[in-house]
Amino acid sequence: MRVVRLLRLRAALTLLGEVPRRPASRGVPGSRRTQKGSGARWEKEKHEDGVKWRQLEHKGPYFAPPYEPLPDGVRFFYEGKPVRLSVAAEEVATFYGRMLGHEYTTKEVFRKNFFNDWRKEMAVEEREVIKSLDKCDFTEIHRYFVDKAAARKVLSREEKQKLKEEAEKLQREFGYCILDGHQEKIGNFKIEPPGLFRGRGDHPKMGMLKRRIMPEDVVINCSRDSKIPEPPAGHQWKEVRSDNTVTWLAAWTESVQNSIKYIMLNPCSKLKGETAWQKFETARRLRGFVDEIRSQYRADWKSREMKTRQRAVALYFIDKLALRAGNEKEDGEAADTVGCCSLRVEHVQLHPEADGCQHVVEFDFLGKDCIRYYNRVPVEKPVYKNLQLFMESKGPRDNLFDRLTTTSLNKHLQELMDGLTAKVFRTYNASITLQEQLRALTRAEDSIAAKILSYNRANRVVAILCNHQRATPSTFEKSMQNLQTKIQAKKEQVAEARAELRRARAEHKAQGDGKSRSVLEKKRRLLEKLQEQLAQLSVQATDKEENKQVALGTSKLNYLDPRISIAWCKRFRVPVEKIYSKTQRERFAWALAMAGEDFEF
DNA sequence: GTGCAGACTTGGAAAAATGTTC
DNA sequence: GAACATTTTTCCAAGTCTGCAC
């Protein structure tokens, strides 16, 4: 079902993609064209190459509170008998216990990894006893956490207020830093608490123990002359360094994948805002190059070199289908997912004819986060022929583009345009699509609600292009039904109001006095109001249905140049709060400061 | 080229906050 | 003002891409 829906929406998208593109109007960061008001905060500050700051001062990260042992009444059972666990073993048991209702705990890999790591935390005697997860009973632990969550929900107003104030205090104390003389918000000032690793899809490491991070694991980054953050009492930092070519404040190595995690600034900070702005400027710059790049890769489909042909076909997919680059992954370390360059023969099927089109390529693979990408696309004949060639005498597990890597692809792109990489195409195509869609869908005479539907639809076209999917919300059916009930009720009200208006009209005709006239006017206004409400409700229903399995957030936050949306709001008199929430407006402060209603991507 | 570490962006799910209805 | 629905924010996993060593 989902696949069919996406396919249909994609077909519509392809059609709209045929609309001729308007010539680029190029704006340079800081140029008059793109700016309105001073935007001074967003003038690029002159740091030499690679330097991110002159001054960085902060309080260090906030650590998860120490483990609180379970109360005596909450027991763990093994083979039906209560077993008292050591604190270390109990803590890890609670990580599993609190997840009992979750699907993860039904997965064999998760269970196996958890049990394996749990046993490492046990004392020798515990290990002697606890030998099989199937004989473990965590239900009391689970219930304890469920009750605890429920108790939090029913706290009194005062108690809730107190908790809120405590959180705010924490935010004030650890949530900000000073960067080059300005106070900036930190994105994630809390060190990740210990728990069980929740890898997505068929992740081979799911269920493994994510160790508790101690100050001794943490590297602090701050300026030499600043007040060095105090480690928690009785502890010390792994290292304190002063590296102003990076933006992170603190870092540690996570125990499951052995990768580095960072404390970084919030997206509303100047530093993050500037990089986002730069990213969109690079994508805008691509507008001026894209025609030539397209003609070049088309020419390269006929190259004598296999490597060049593969690169040209891959680039075509990246451009046309907004596929990700697809870096190589170590097998066994993560779920088996692919992007463009790592596609295997088994991920594509060639159809000489399908859906009434010639040369159809069927893609079916798991992309980032194990989200399935399924698409059937008619391609140009040389692409089709090349794919046949690339697949010749290969097994299903072989790489489709065996002569291509993301590094070589990006090296090539860099030669075509300064700063160009595979991902820029995603940004470029997402933003240009939003702009085109808004132009095609918005009508100036529409109501605000209808304009917002148009905006969401434009946003949705982009999300579908980028394959941003979500699980259907669990409450979807029910809430849809509620909405339908509401619509039905409103329809009845409208019918009733219409009848009343008819009666009032007759009454006025008969009486012809001022009183009946004012009644008539009142009835007319009522009908209008109800009709408007009905229209709004049905718009809501349409939007909801179309959005069932599409996630709009990622494209909105990462791929769509906010200046396009802001300009649209200004042009069509839609309050920007209808499009961006408070945090989103803070994140896009740079764009709000500079985009006028005539901004063009 | 290839492998790896590091730094940063992008991603959906889950939790929390807020709004609506009875 | 409780119960439920919806929206917003937080969380942290999973990508991209660069630079360096060999």
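By convention in this document, chain letters (A, B, ...) are assigned in the order of the sequence lines, proteins followed by strands, and residues within each chain are numbered from 1. Since we're looking at a predicted model, the values are computed, not measured.
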query = Which nucleotide, C/dC12, B/dG6, B/dC8, lies nearest any side-chain atom of A/E192?
reply = C/dC12

key: Pair A/K205 + A/E333: basic N to acidic O under 4.0 Å   = yes

remark   = The nucleotide from C/dA5, B/dA7, B/dG11 with an atom nearest the side chain of A/H468 is B/dG11

message = Can you measure A/L483 atom CG to B/dT21 atom P for me and round it to whole angstrom units?
response = 11 Å

ask   = Should A/Y428 and A/F289 count as side-chain neighbours, where that means a heavy-atom distance under 4.5 Å?
value = no

task = May I ask you to verify if any side-chain N or O of A/K279 is less than 4.0 angstrom from the OP1 or OP2 atom of B/dT10?
result = yes

message = Rounding to an integer number of Å, can you tell me how far A/R98 CZ sits from B/dA14 P?
response = 15 Å

ask   = Are any non-hydrogen side-chain atoms of A/V574 and A/Y455 less than 4.5 angstrom apart?
value = no

inquiry  = Assuming nearest nucleotide by heavy-atom distance, tell me which of A/I260 and A/T427 is located more 5' along DNA chain B.
reply    = A/I260

ask   = How long is the line joining NZ of A/K578 and C1' of C/dT8, in whole Å?
value = 16 Å

request  = Report which part of the nucleic acid A/K52 touches: base, sugar-phosphate, or nothing (heavy-atom distance under 4.0 Å, all strands).
outcome  = sugar-phosphate

key: A/L315 vs A/L413 side-chain heavy atoms within contact, under 4.5 Å   = yes

query = Want to settle it: does A/T554 or A/R152 sit nearer the 5' end of DNA chain B, counting the closest nucleotide to each?
reply = A/T554

ask   = Under 4.0 Å between a side-chain N/O of A/H102 and OP1 or OP2 of B/dA13, yes or no?
value = no

inquiry  = What is the separation between atom CH2 on A/W248 and atom P on B/dA5, rounded to the nearest whole Å?
reply    = 16 Å

query = Closer than 4.0 Å, any side-chain N/O of A/K261 to the OP1 or OP2 of C/dA13?
reply = yes

Under 3.5 Å, side-chain donor or acceptor atoms of residues 477-484 of chain A against the rest of the protein: list the pairs with distances, not counting sequence neighbours.
| residue | atom | partner | partner atom | Å |
| --- | --- | --- | --- | --- |
| A/S479 | OG | A/F476 | O | 3.4 |
| A/S479 | OG | A/K544 | NZ | 3.2 |

ask   = Taking CH2 from A/W53 and P from B/dA7, how many angstroms apart are they, rounded to a whole number?
value = 13 Å

query = Between A/S259 and B/dA5, is there a side-chain N or O to OP1/OP2 distance below 4.0 Å?
reply = no

task = Give the nucleotide from the list B/dC8, C/dT6, B/dA7 with an atom nearest to the side chain of A/T247.
result = B/dC8

ask   = A/T405 side chain N/O closer than 4.0 Å to the phosphate oxygens (OP1, OP2) of B/dG1?
value = no

ask   = When you measure from the side chain of A/R426 to the backbone N and O of A/A322, does any donor-acceptor pair fall under 3.5 Å?
value = yes

Between C/dC12 (P) and A/R212 (CZ): distance, integer Å = 13 Å

query = Across the strands shown, which category fits A/K205 at heavy-atom distances under 4.0 angstrom: base, sugar-phosphate, nothing?
reply = nothing

query = A/L196 CG to C/dC11 P: how many Å, rounded?
reply = 18 Å

message = Categorize A/K160 for me: base, sugar-phosphate, or nothing, with a 4.0 angstrom heavy-atom threshold over every strand shown.
response = nothing

Distance in angstrom units between A/L271 CG and B/dC8 C1', rounded = 11 Å

message = For nucleotides 14-22 of chain C, give me one character per nucleotide, 5' to 3': B if any protein heavy atom sits under 4.0 Å from the base, S if the only such contacts are to the sugar-phosphate, - if neither.
response = BSBBS----

message = Would you say A/K153 places a side-chain N or O within less than 4.0 Å of OP1 or OP2 belonging to B/dA15?
response = no

inquiry  = Counting the atoms with a prime plus P, OP1 and OP2 as sugar-phosphate, which does A/P267 contact under 4.0 Å by heavy atoms, base, sugar-phosphate, or nothing?
reply    = nothing

inquiry  = Side-chain N or O of A/Y262 versus OP1/OP2 of C/dC12: is the shortest distance under 4.0 Å?
reply    = no

ask   = Quick one: salt bridge (Lys or Arg N to Asp or Glu O under 4.0 Å) partners of A/R457, sequence neighbours excluded?
value = A/E546

query = Within 45° of the six-membered ring axis of A/Y104 and under 6.0 Å from that ring's centre, is NZ or CZ of A/K107 located there?
reply = yes

request  = Using the closest heavy atom to pick a nucleotide of DNA chain C for each, name whichever of A/S581 or A/M480 lands nearer the 5' end.
outcome  = A/M480

ask   = Is any side-chain N or O of A/K210 closer than 4.0 Å to OP1 or OP2 of C/dA13?
value = yes

key: Phosphate contact (B/dC8 OP1 or OP2) by A/T275 side-chain N/O below 4.0 Å   = no

message = Strictly distance-based, threshold 3.5 Å: is any side-chain N or O of A/T282 a donor or acceptor partner for the main-chain N or O of A/G419?
response = no

